[in-house]
Structure formats: C-alpha cells, structure tokens
Amino acid sequence: MLDIIIGLLMLLSAFASLQNKDLLKSGVFFVVFGFMSGLLWIRLSAPDIAMVEIILGSAITSILIFKLSKGVRDIAIKPKLWRRLWAGTGSLVLFVFLTFYLFTVREEERVGGLVSEKLSLSGVESPVTAVLLNFRGYDTLLEVGVITLVVIGILALEPKKKSYEWNDIVVRRFSKIFLPVIALFSLYITYLGAFSVGGAFQGGSLLAGGLAFLSLSGQKLPIRENPTLFLALLSLAVFVAFAFAYALVGYGFLTYPFELSTLSIMLIEISICLSTGLLLYIAIRGRL
Amino acid sequence: MKELYYLLSFLLISMSTYHFIIAINFVKRLIAVNILGSGVFLFFVATAKNTPSENPDPVPHALVLTGIVVAVSATALAVSLLLHLSKQREEE
C-alpha cells in the first residue's frame with residue numbers, strides 16, 4: 001500500500017515537473033521526484049541506492065538545473081502539432097512494447113546467488129561493495145574515469161568567472177561549521193561500506209553535498225588550486241596503480257591477492273570518496 | 001504486486017520520452033532525460049528484487065549505483081555546455 005502511494009506521488013511529481021511552464025517550479029518538482037524515488041529504493045530494499053539518489057539525484061542535480069535555468073532565457077514557443085503527434089505515437093508504441101515484457105517476467109534466480117557464494121573470497125562483507133570493487137572492478141574504474149573526464153571537459157569549457165552565490169550570513173557560518181562534521185561522517189560512511197550499507201560513492205556524494213553548500217554560499221576550500229586538482233585526480237591514479245601493480249606481480253588486472261584484498265579495497269575506497277567529493281564540487285562550481 | 005514497479009518504470013520512461021521530444025527548452029529536456037534515467041534504474045532495481053531468495057540481487061544494485069553517479073556527471077557536463085552555448089548566442 002505504502003509503495004503504491006509513493007509510486008503515485010513519484011508519477012505525479014514527474015508529471016508536474018515535465019508539464020509545468022515555470023522552470024523554477026519544474027525544478028522544485030524534480031526535487032520532490034528525486035526524494036520520492038529515494039523512498040521507493042528503500043522500499044525495494046536498496047538502501048545503498050537510496051542514499052546516492054537522495055544526495056546526488058535529488059539535491060545536486062537540482063542545484064545544477066537551477067544554475068542552468070538562471071543562465072538560460074525562457075523560450076515560450078509552443079511545439080507544433082505534428083511534433084506532438086509523432087512524439088505521442090512514438091512514446092505510446094514504446095509503452096506498449098515495454099508492457100509486453102510483463103507477460104514474460106517471472107521470478108528466477110540470477111547472478112546474485114553466485115555473489116553470495118563467493119562473498120567470503122572478496123575481502124569485504126557487504127555484497128554491493130564486493131560487486132563494485134572486486135567482482136566488477138572494471139565498471140568502477142571506468143566510472144571514475146568518466147567523472148574525471150567530465151571535470152576535464154567542464155574546466156576546458158568555462159572561463160574563470162564568478163558563479164552564482166547565495167550571500168547569506170547564516171548559510172556562510174553554518175557551512176563552515178558543518179563541513180568538518182560532514183567530511184568526517186562521509187569517511188565513516190566509506191569505512192562502513194565494507195560491512196553494511198555505505199561505500200565510496202555514498203561517502204563521496206555526501207562530501208560533495210557539503211562542499212556544494214560551501215560553494216553556494218560564495219566561499220571556497222582553503223586549499224590552493226593545484227592540490228585540489230591533485231586530490232581530485234587521486235582516485236583514478238590509485239585505482240590504476242593497484243590494478244597494474246597486481247597485474248605485474250602476476251595476479252591479473254584488478255584481481256587482489258586474498259590477504260591484501262581488504263586493505264586494497266579500503267585504500268581505493270577512501271581515495272574514491274575524496275576524489276568523487278572534490279570532482280563533483282568542481283563540476284558544480286564550474287571552475288577550480 | 002511486483003508488476004506494478006515495472007509498470008511505473010515503463011510509464012516514467014514513455015512519459016519522459018514524449019516530453020524529451022516535444023520540449024523546446026533545454027532545462028525541460030535535461031529534466032526529461034533525468035526522469036528517463038530514473039525510470040530505467042527503477043526497472044533494474046525491480047529486476048533485482050524479482051528473485052525467489054530473501055535478499056535482492058546485488059549486481060543490478062551496483063550497476064544502478066554506477067549509473068546514478070554517471071548520470072549526475074553527465075548532467076553537470078550538459079549544464080556547462082548549455083550555459084556556454086546560451087552565452088555565445090547572447091553575444092551574437
């Protein structure tokens with residue numbers, strides 16, 4: 001029952017966000033949508049995803065969307081009728097094709113059984129962290145590469161100018177007081193990822209949230225530009241170094257020796273947490 | 001009951017596809033892409049839950065986690081590009 005209510009609210013907020021004429025209002029409805037989908041992830045017993053969704057999908061995406069809607073002028077052209085028609089038919093056909101899947105779906109055992117069978121070999125106790133950093137390390141390595149590339153692209157695009165600032169004394173003081181607490185908590189969440197809910201990306205997005213607060217209030221980190229960039233690129237370097245080091249010793253690319261696996265995963269996770277936070281901070285700020 | 005999750009994800013996907021095509025404004029289009037992504041993630045997580053065992057499958061969860069982070073960074077790059085584009089259009 002609760003799931004149906006959350007699902008309906010999610011659908012309504014998505015509809016309101018897409019249908020609204022006012023860009024600010026559709027951004028606000030997008031926040032509601034992200035929050036509702038976070039609640040639905042918890043109901044679907046995926047608390048790891050809920051954490052990332054509420055911080056990144058709801059809060060940070062909305063900051064980016066508000067930043068864009070402030071910079072772009074509103075274009076009030078109505079779409080032509082033929083465009084509406086073919087878009088409508090296209091998405092209706094897509095919906096009908098997708099619903100055919102419902103007739104073939106049934107409960108079956110997937111690769112999850114294999115993961116819980118081999119979990120004791122991975123060096124960590126949480127299955128999601130084991131998949132992310134051990135069994136499918138390639139995905140995570142390339143993901144870190146993608147975020148780094150995005151930041152390089154953003155830095156190449158935007159000239160050094162003042163970005164949007166929310167100059168309020170309360171926000172300024174509070175972001176200064178809370179940033180150390182948030183940073184400590186994000187490291188704790190990262191450490192917790194080895195045993196239960198949490199992990200590098202949860203911690204990193206939490207850190208990015210704290211840093212976004214700092215940059216929105218018109219302050220910057222008390223670190224110079226070059227060390228910031230160095231720390232942001234650290235995780236890719238650490239990850240590649242671990243992968244090649246074990247490959248050269250003879251274990252294979254991204255295959256950890258059993259005795260060192262917990263230590264290696266922890267070190268990689270902490271570097272990913274720091275770097276994800278700083279990379280997303282640069283991405284929100286648009287400059288170093 | 002589990003079919004409802006799939007249905008919700010299909011509804012989100014087709015609704016945001018429609019709005020992605022008809023939207024003229026960049027911001028709307030970006031929101032539509034993000035909602036489309038959420039629909040796809042919902043499909044994955046519903047698949048993970050759809051097993052006879054007690055615990056959900058962790059592999060789709062890890063994939064969705066990766067997907068959300070990549071979607072946010074893609075949005076950041078899109079915002080940066082669009083701001084650059086609109087500034088260039090204003091200068092002309």
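Quick note: numbers below take in every heavy atom, side chains included, and nothing from hydrogens, waters or symmetry partners. In what follows, chains are A, B, ... by sequence order, proteins preceding strands, each numbered from 1.
- At least one side-chain heavy atom of A:Ser26 sits under 4.5 Å from a side-chain heavy atom of B:Lys28.
- Proximity to chain A (any heavy atom under 4.5 Å) is restricted, for B:Leu63, to the side chain, taken from C-beta onward.
- Between A:Arg136 and B:Val59 the shortest heavy-atom distance is CD-CG1, 4.5 Å.
- Interface remark: A:Leu64 contributes backbone and side-chain atoms alike to the contact with chain B (heavy atom separation under 4.5 Å).
- The greatest number of non-hydrogen atom pairs below 4.5 Å with chain A, out of B:Val64, B:Leu7, B:Leu42, B:Leu82, is found for B:Leu42.
- Of all the listed residues (B:Val70, B:Thr75, B:Val45), the one sharing the greatest number of non-hydrogen pairs under 4.5 Å with chain A is B:Val45.
- In this structure the side chain of A:Met10 reaches within 4.5 angstrom of the side chain of B:Leu12, judged on heavy atoms.
- Residue B:Ile22 touches chain A through both its backbone and its side chain, counting heavy-atom pairs closer than 4.5 Å.
- The part of A:Leu40 that comes within reach of chain B is its side chain, from C-beta onward, which places non-hydrogen atoms under 4.5 angstrom from that chain.
- A heavy-atom distance below 4.5 Å is not found between the side chains of B:Ile68 and A:Phe201.
- For A:Arg43, the salt bridge (Lys or Arg N to Asp or Glu O under 4.0 Å) partners are A:Asp3, not counting sequence neighbours.
- Heavy atoms of B:Thr47 lying under 4.5 Å from chain A belong to its backbone as well as its side chain.
- At a threshold of 4.5 Å between non-hydrogen side-chain atoms, the residues A:Leu44 and B:Pro56 do not count as touching.
- The candidate with the highest count of non-hydrogen atom pairs below 4.5 Å against chain B, out of A:Thr129, A:Val146, A:Ile49, A:Leu142, is A:Ile49.
- Using a 4.5 Å cut-off between heavy atoms, B:Ala23 touches chain A through its backbone atoms (N, CA, C, O) alone.
- A pairwise comparison of heavy atoms in B:Ser73 and A:Val150 identifies O-CG1, 3.2 Å as the closest pair.
- With chain B as partner, the option from A:Ala283, A:Gly7, A:Ser45 having the largest number of non-hydrogen pairs under 4.5 angstrom is A:Ser45.
- Here the side chains of A:Leu157 and B:Leu83 are not in contact, with every heavy-atom distance at 4.5 Å or above.
- Residues of residues 30-39 of chain A having a heavy atom under 4.5 Å from any heavy atom of chain B, listed by number: A:Phe30, A:Phe33.
- A:Val128 touches chain B through backbone and side chain together, each having a heavy atom under 4.5 Å away.
- Checked against ring pair (Phe, Tyr, Trp, His ring centres under 6.0 Å), B:Tyr6 has the following partners two or more places apart in sequence or in another chain: A:Tyr101, B:Phe43.
- In terms of heavy-atom pairs under 4.5 Å with chain A, the best-connected choice from B:Ile31, B:Ile13, B:Asn34 is B:Ile31.
- Using a 4.5 Å cut-off on side-chain heavy atoms (C-beta onward), B:Val69 and A:Ile147 make contact.
- Within residues 92-100 of chain A, the residues approaching chain B closer than 4.5 Å by heavy atoms are, in numerical order, A:Leu94, A:Phe95, A:Leu98, A:Thr99.
- For the pair B:Ile21/A:Arg84, no side-chain contact is recorded, criterion being any heavy-atom separation below 4.5 Å from C-beta on.
- B:His61 has its side chain out of reach of A:Val131: every pair of non-hydrogen atoms, C-beta onward, lies at least 4.5 Å apart.
- Looking at B:Leu30, only its side chain comes within 4.5 Å of chain A, counting heavy atoms on both sides.
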